[in-house]
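Here's the structure we're looking at; comments come further down.
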Number of protein chains: 2
Amino acid sequence: MSDQATATTTAAQHGECPANTPHGEAWGSLSRTHAAVSQRLQEALAQGDFPPLPWYEVLAAVAEAPEQRMRMGDLAEALVITRGGLTKLVDRLVKAGLLERTFNETDRRVSYATLLPAGIHLLTEMRPVIVGELEVAFSANLSVIQANELRATLDGIRADACSGVV
Amino acid sequence: MSDQATATTTAAQHGECPANTPHGEAWGSLSRTHAAVSQRLQEALAQGDFPPLPWYEVLAAVAEAPEQRMRMGDLAEALVITRGGLTKLVDRLVKAGLLERTFNETDRRVSYATLLPAGIHLLTEMRPVIVGELEVAFSANLSVIQANELRATLDGIRADACSGVV
DNA sequence: GGACAATAGTTGAACTAACAATCATTTCTG
DNA sequence: CAGAAATGATTGTTAGTTCAACTATTGTCC
């Protein structure tokens, strides 16, 4: 145990620790950048007395859907959170009068999260805050072309991460 | 401000919602990709009866630091989590025998999270799982050169997001 | 048509993380 | 040198998330 520890210690001290694969480094940057930007957005929202970031994500996702409504399962998948978590998140937005639950007559298992006028209104107030912060964080580093390239790269990675069980 | 809301409401109803700026889209991809890859890593770790992803991140960060130890504040900043959260996270790793707390004689405010042999050993077991999953997710989409470009891009964004208060 | 599996969503318990307040130590300043 | 400000870390509280179990509805296959 001690000799093994000594050996690894030496390796790390020499900087030849095998963690630093290019993809590992890229993942580290991705993870930390997500946390940093997310933190910045949360701060900006809190400063304006707005609800937390997940509320915005729900509203934005539903607003883009046809008829301003989405099935719970689809919404959970779009936000990459669990269905149980989404149920309670939507509960809070419903309680705040931003969403309502509507139902499907032909398949009574499914329920929709449907945008209410108050939700649309709040979304229009939150959006400039989000967009403004993102411009600050992204504009200095990314042209429009580069932003689209970045998006395409990340979407490709996500596709592999999801269907990657194969 | 109400006319502004009305105008935007109409826009949303017509599906020409202005949220889709290039930077906004890039952020959406970044956020969802982070969640998807993170989820995949968590699943792989759970499947091998390994501790959750944050434990790996702590161990990996400390392992790369000189003398396999880091000040709590620096570690929190590196992982982009709060100091309070880190205190309790390190508590769990200490309780598991992976880290120990050590102290600085010259400044007795600071404490270090110091890697123990068991932590080094666990790290060497977890690393191939993480690296393997990342290879699957990234290799199909990214050459080594592209991975480094992605890393540089993301690091630039993070720098702006952190120092961006200006 | 009726049992069985599959799908959609919700609920309760355990865990995790963030926020604010606090303690201890050090540094600055008059 | 004493007191105030700043720094480093921890603690209690609160809120949010996940996981597993559960209900309800629909589809499938003898």
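Below, read A as the first sequence line, B as the second, and so on, with proteins coming before strands; counting in each chain starts at 1.
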How close or far is atom P of C/dA24 from atom CG of B/N104, stated in whole angstroms?
19 Å
Interatomic distance, B/L93 CG vs C/dA17 C1' [rounded to whole Å]:
15 Å
Could you tell me the separation between the CE atom of B/M70 and the P atom of D/dA9, rounded to a whole number of Å?
11 Å
Assign the ring pair B/F138 / A/H23 to parallel, tilted or perpendicular, where the plane angle (0 to 90°) is split at 30° and 60°.
tilted
Between B/K95 (NZ) and C/dT16 (P), how many Å, whole number?
11 Å
Atom CZ of A/R92 and atom P of D/dA15: how far apart are they, to the nearest Å?
11 Å
Can you check whether B/F50 reaches B/L122 side chain to side chain, under 4.5 Å on heavy atoms?
yes
Residues in residues 46-55 of chain B with a heavy atom under 4.0 Å of DNA chain C, by number, are B/P54
d(CG, B/L79; P, C/dA17) in whole Å
11 Å
Between atom CG in B/L89 and atom C1' in D/dA9, what is the gap in whole Å?
15 Å
Within 6.0 Å of CZ in A/R101, more than 12 heavy atoms from elsewhere:
yes
Salt-bridge contact B/D91-B/K95 (side-chain N to carboxylate O under 4.0 Å)
no
Going 5' to 3' through nucleotides 3-10 of chain C, assign each nucleotide B (protein heavy atom under 4.0 Å from a base atom), S (under 4.0 Å only from sugar-phosphate atoms) or - (no protein heavy atom that close).
----BSBB
Does a sphere of radius 6.0 Å around CD in B/Q42 hold more than 12 heavy atoms from other residues, nucleotides or ligands, not counting ones at 6.0 Å or beyond?
yes
Taking C-beta and beyond as the side chain, do A/L41 and A/I130 meet within less than 4.5 Å on heavy atoms?
yes
OG1 of B/T87 to CD1 of B/I81: how many Å apart, nearest 0.5 Å?
9.0 Å
When you measure from the side-chain N and O atoms of B/T82 to the phosphate of C/dA18, is any distance below 4.0 Å, counting only OP1 and OP2?
yes
Between C/dC15 (C1') and B/Q42 (CD): distance, integer Å:
13 Å
Do A/E149 and A/I145 touch side chain to side chain, with heavy atoms closer than 4.5 Å?
yes
Side chain proximity check, B/V144 to A/T21, heavy atoms < 4.5 angstrom:
no
